[in-house]
> 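Handing you a structure now.
Each residue takes its place number in the sequence, starting with 1. Whatever order the structure lists ligands and atoms in, that order sets their numbers, starting from 1. Scope of the values below: all heavy atoms of this structure, side chains included, with no hydrogens, waters or symmetry mates. All figures in this text were calculated on a predicted structure; none of them were measured in a lab.
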Amino acid sequence: MSKVGELLLELMSEALGLAPNHLKDEMGCAEGIGLACHYYPPCPQPELALGITHHTDIGFVTVLSQDHVGGLQVVHRDRWVDVPPVPGALVVNVGDMLQLISNDKFKSAEHRVIVNSTEPRISTVAFFGNGSTLKPRMYGPIKELLSEGNPPIYQEIAMEEFFFQTYKKGFDGDSYLPRLKL
Ligand SMILES: O=C(O)CCC(=O)C(=O)O
Ligand SMILES: [Fe+2]
């Protein structure tokens, strides 16, 4: 899983016009991997329940594997769109902190999980940029991406503080990110 994350971060660095190792080595984005395994029991009235409420992930990048049941949805053009399970495929989500350091070049993905009426669902998730295990440092928009015409959008924040503020606020569908706007 570390290798997948590192490769993704290399490709994303290049997409930003930076050296391939920038996000991985200069910014430490592959450090602090958090792992989660979700079990969603079936619900006879799925319209009355949500598996995971509307949110964006906090860290840099999330790599997710879902089983055959489905239920993951992402906001695309202001609408909820299914992310259908594809055998062997991994889903990659950009997190809030990658949006922050890329100065909005990458946008964090709003997603949620709806439950199934008959089958349980299992997903496994790796979060790159986990608050408590990352080396403490401040993260702000990457200097090399800034110019007179592209000034910083956000103030700096430590990952741990971003986690703390997000959990304090609660997962209510709103990211903490807009509160860091300059
Ligand atoms: O179970 C899923 O497919 C999504 C899980 C998720 O969004 C998360 O753990 O942040
Ligand atoms: Fe998520």
> Atom 6 (C) of ligand 1: which protein heavy atom is closest, and how many Å away?
Ile52 CD1, 3.7 Å
> At less than 4.0 angstrom from any non-hydrogen atom of Ser123, what atoms of ligand 1 do you find?
1 (O), 2 (C), 3 (O)
> Short N/O distance, under 3.5 Å, between Gln66 and ligand 1?
no
> As a test of reading the structure, name the N/O/S atom of Asp57 that is nearest the Fe ion (ligand 2).
OD1
> So which heavy atom on Val69 is nearest to which on Pro120, and how close?
CG2-O, 3.3 Å
> Under 4.0 Å from a heavy atom of Tyr40: which atoms of ligand 1 are those, numbered in the order shown and with their elements?
1 (O), 2 (C), 4 (C), 5 (C)
> Return yes if a side-chain donor-acceptor contact under 3.5 Å exists between His68 and Glu119, otherwise no.
yes
> Tell me if the centroids of the rings in Phe60 and Tyr139 come within less than 6.0 Å of each other.
yes
> Which of these, Gln73, His38, His54, His55, has its nearest heavy atom closest to atom 5 (C) of ligand 1?
His38
> Consider only side-chain N and O atoms of Glu110 and His54, and report whether a donor and an acceptor are under 3.5 Å apart.
yes
> At under 4.0 Å between heavy atoms, is it the side chain or the backbone of Asn93 that contacts ligand 1, or both, or neither?
neither
> Would you say the side chains of Gln99 and Asp104 form a donor-acceptor pair under 3.5 Å?
yes
> Within the side chain of Lys168, is there an N or O that forms a donor-acceptor pair under 3.5 Å with the backbone of Phe163?
no
> Just jot down the ligand 1 atoms closer than 4.0 angstrom to any heavy atom of Phe127, in number order.
8 (C), 9 (O), 10 (O)
> Determine whether a donor-acceptor pair (N or O, by modelled atom type, separation under 3.5 Å) exists between the side chain of Asn116 and the backbone of Gly71.
no
> Distance to 0.1 Å, residue and atom name: give those for the protein heavy atom nearest to atom 3 (O) of ligand 1.
Arg121 NH2, 2.8 Å
> Hey, what do you get for CG (Asp96) to NE2 (His55), rounding to the nearest 0.5 Å?
9.5 Å
> Taking only heavy atoms of Val113 into account, list the atoms of ligand 1 that are under 4.0 Å away from them.
1 (O), 2 (C), 3 (O), 4 (C)
> May I ask you to list the atoms of ligand 1 that are less than 4.0 angstrom from any heavy atom of Asp57?
10 (O)
> Counting heavy atoms only, which part of Leu64 comes closer than 4.0 Å to ligand 1: side chain, backbone, both or neither?
side chain
